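Below is one structure, written out as structure tokens, with a few remarks after it.
Everything quoted here is computed from the prediction, not taken from an experiment. Here is the naming used below: chain letters follow the sequence lines, and residue numbers restart at 1 for every chain.
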Amino acid sequence: MSRFQNNRDYYAGALMALIGAGAIVEGSSYGVGKLTAMGSGFFPVALGVGLVAMGGLMAVFRAPAPAGESGSHAQSLHAAGPPDWRGALAIALSVVLFIALAKMAGLFPAIFACVSVAALGTRATTLREAALLGLAVAVFGVLVFSLGLKVQFPILRGIL
Amino acid sequence: MFRRQALAMLAAPLAHAQEAFPTRPVQIILPYAPGNTTDLLVRALAAEMTPLLGRPVPVMNREGAAGAVGSAVAARAAPDGYTLLFVPALVASVLPVTQPSSGLRADSFRPICQTFNNTMAVVTRPDSPVTDLRALQALARARPGGVTYGTLGATSIPHLAMEQWMAVAGVELTHVPFRSDGAVMTEVLAGRLDLGAIVLGSLAGRPDIRVATVFDATRHRDLPDTPNAIEQGFDVAPASFGGLFVPAGTPDAVVNRLEAACAAAVASTGYRQVARNGGQPENTYLGAADFTRRLQDDVAIKAAILHRITLN
Amino acid sequence: MDAGLVGLMHGFSIALDPHNLMWCFLGVLIGNMVGVLPGMGVLSTISILLPLTFAMKPVAALLMLSGIYYGAQYGGAICSILLNLPCHPPHAVTCLDGFPMTRQGRGGVALGITMLAAIIGAAFGIIQMIFMAPYIANIAFKFGPQEICALMLLGLLAGSTLAKGSPIKGVAMTLFGILLSLVGTDVNTGSERFTFGFLELSDGMELVAVSLGLFGIAEFLKSVNSLSPTVKAAKLSYRDLRPSGRDVRQALPAIFRGTFIGSLCSLIPGTGPTIASFIAYATEKKLSKTPERFGHGAIEGVASPEASTHSAVQGDFIPTMSLGIPGDAVMALLLGALMIHGIQPGPRLIVEQPDIFWGLIASFWIGNIMLVFLNVPMISVWVKLLSVPYRFLYPTALFFVCIGVFAARNEMFDVAATLAFGAFGYLLLQLGFEPAPILLGFVLGPRLEENFRRSVLLSRGSLETFIDRPISAFFVGLSVLLVVAQVYAALRKAKPPVRVPEAAFD
């Protein structure tokens, strides 16, 4: 059991308290008002107070070390261990490339880059496989989204 | 042969190019979702302008942030007359104050022509003691702050209309914002709101709700028995008027060409039919000069009201 | 009653007109495809097609556009169940138990149950539309800001324990979701909150961006290189494709409860299918004798929200058409379509436009039957999708996430926000949070705040207004009861230091 897992609820509580404090600070700048004339900041501050309180409670009532708790998502988490940096980087880069290329270079290169870079996040995938997958999805995507659904991007900037 | 033509086009002096305007499609940006009355009007207008300009006039909906997103796109477009904006005046008079992050200013656009004019109205339950603005003023004096009215949102035109009237009448009502005129009317009929301020077009012949007043200088042709604000002695007639705009800095020649096309389009039977269905009054057209003047007045009035609201 | 049946007969004569029938079929077909495809929302599809209908006859236009709306709901659950991608907001909550079912190799069963839920929910929604439409005004009059606010409070409290795990963390996630929903322009004052100068945020966060980030991208981040890819675990065996008698027996009561909740929500003006599906899931879990099964592939957790979505989608037409109050953005668009064709929504619409109203209802019957015939044979095809290796599936799905979020409102900013939410969602998972209640808070939050503020404005600052009125007092009472029960259970549980192991369902 790693130290991170042991102290997990402290970190969780701290994160919530931090978000709550942010909401209180930012929210109070909108004007809290009073019940008869509520300001825009009333709800944000109230929610912030709630989050800080929950953060505190989390640190006090710590759940026993994770054994088999939690549902659909965290189910396999205890097996997942530390984040997979290669995969995370590929996914992040893939989305960033899509954003950058769609308007600048067109839908086709954007899809190709997005899909093949994401595919390289898995060690089992070869460069060739990634390129082929990117090509296939790009052709499909252009057919469906550019020609079928008229998404507002050029297919290949300067040419189509 | 082709090459010579191309060279001639490239070499054509600027003045010549302006005479030939438009040489390619003229796009109209509508910063709201398709399907509302404004959308209907702009599409009718675009259809009528197409033969007059001799080029396609496509309409693009670019909604978001109460119209600020699409308007900001239009404001950034090249001032060459190929990107037009179809909006109510509030884009110049209200959004620069309420949506500062949009970068819009009162002088971001140059008005071309006014093509629509929406009247605001006060509605109540049929059994309400509020039969007109005088009665409302008396009631509000008897119950300061205790009379409630609903609108479709804070800093919406109906809200600003009521604020403007309250300043003139010297009373305070409590504003309760909703999200649509339909919701306001339901709350009024349910008796939870004393009155509602709505865009008259939303009413469209509903028999179950009473129109106490129209904010206009004349009585409405469909509601001959309903008094207007001016005749009751309140000098407030805040309407939501608007039409076509181009980015500031568009040359006069282009503006004149568009204004002429707009005038002819508004006078066409096609546009008038659509406008009639949308609850528009008989005459909505104003040329660039009159439209600009009306807009400048509106900017000044709205600035004062918005200032008053933020102080409260 | 009689008038209803006479009207319905008239409606069928209109809907069965070959011309109208064709448009209805085209609508449900387009809708169905849009629903299946994770990259395209109903809202953007209808916005694109709306201008094309201006030249059509009003009845045909409306049959087609509404066909797209309810047709999309049939496909909407597929991505939620098979890929954990909540592309269509009303089906987001279906992920919670639908995806675990897929992992257990029961994806086909889950899809089959959604079909059953769809047809029962839709049928009830339509029947309700026939008989309830004349009374909608009375119901709307009874549900003012106080009642809606109290109902939202109840929904939020019930839903804080939406997913498994610590209730404290669940409440924190709900609060965080409400906080997220406040981003944007405050309806009550017109001022901006938490937009930090981004114009893109002034309409608030996009629900699709939040949900695809928290579920979709976070899921990719988690399983991209994990040794036992989660989706691959779904083994295909054709005998498992059809729900067994036991599945149906287990799901049916949930379907009926979900249908009921969906139709109730649709009658309350402004409460659309997304809210209905979340409340249905929360209620189902609260009522269940074995709530610990939820989140681990409980079939009721799929059946109930799906039924409520379909019944709310049909029922939502009532307040939209007879009061002019749309339940969600899609309905607002359809409302616009009506007005463009010169048809004013209002209490008199049924009497003044019988062709539209009854034609639409009859076309709902026809359209839904078409949809069942279109979709049931396709289930095995969709499930086959899972035999594609995960390492090829997730990059493709990632592209669909990107374009889907973009297309929701043509905004690249939202795609970047999705990535940020993905990273944040992954962090939350590592810290033992369940992100599902964030979506609940996000969906119900704005209605809670708006109506709370309206209520207090109307009561001039008095909170007693919530217990003065019988309907809202009832909801407030239930909420208090819920909190007391939860705290009592927690205190009792706290006594023995060791919690009951819950590994039985892993």
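The shortest side-chain heavy-atom distance between C/Phe424 and A/Leu15 falls under the 4.5 Å cut-off. Side-chain atoms of C/Gln430 and A/Tyr11, non-hydrogen and from C-beta on, never get closer than 4.5 Å to each other. Residues C/Cys402 and A/Val95 have side chains in contact (heavy-atom distance under 4.5 Å, counting atoms from C-beta outward). Counting only heavy atoms from C-beta outward, the side chains of A/Met16 and C/Leu175 never approach each other to under 4.5 Å. In this structure the side chain of C/Met412 reaches within 4.5 angstrom of the side chain of A/Phe98, judged on heavy atoms. With a 4.5 Å cut-off on side-chain heavy atoms, A/Phe145 and C/Phe406 do not count as touching.
Using a 4.5 Å cut-off between heavy atoms, C/Asn410 contacts chain A through its side chain alone, with no backbone atom that close. Proximity to chain A is limited to the backbone of C/Arg460, based on heavy atoms less than 4.5 angstrom apart. C/Phe194 touches chain A through backbone and side chain together, each having a heavy atom under 4.5 Å away. Residue contact with chain C, scored on non-hydrogen atoms closer than 4.5 Å, involves the backbone and the side chain of A/Met38 alike. C/Leu49 does not touch chain A: none of its heavy atoms, backbone or side chain, sits under 4.5 Å away. If you measure heavy-atom distances from C/Ile168 to chain A, the contacts under 4.5 Å come from both the backbone and the side chain. Only the side chain of A/Leu133 comes within contact range of chain C, with at least one heavy atom under 4.5 Å from a heavy atom of that chain. At a 4.5 Å heavy-atom cutoff, the contact between C/Phe176 and chain A is made by backbone and side-chain atoms alike.
Remark: C/Phe433 CZ to A/Met58 CE distance equals 4.0 Å, nearest 0.5 Å.
Counting heavy-atom pairs under 4.5 Å between each of C/Val415, C/Leu419, C/Thr189 and chain A puts C/Leu419 at the top. Of the listed residues A/Val96, A/Val117, A/Ile91, A/Val137, the one with more heavy-atom pairs under 4.5 angstrom with chain C than any other is A/Ile91.
Aromatic rings of A/Phe43 and C/Phe452 (six-membered ring for Trp) have centroids within the 6.0 Å cut-off, being under it.
Although no hydrogens or angles enter the test, the distance criterion places no donor-acceptor pair under 3.5 Å between the side chain of C/Arg193 and the main chain of A/Tyr30.
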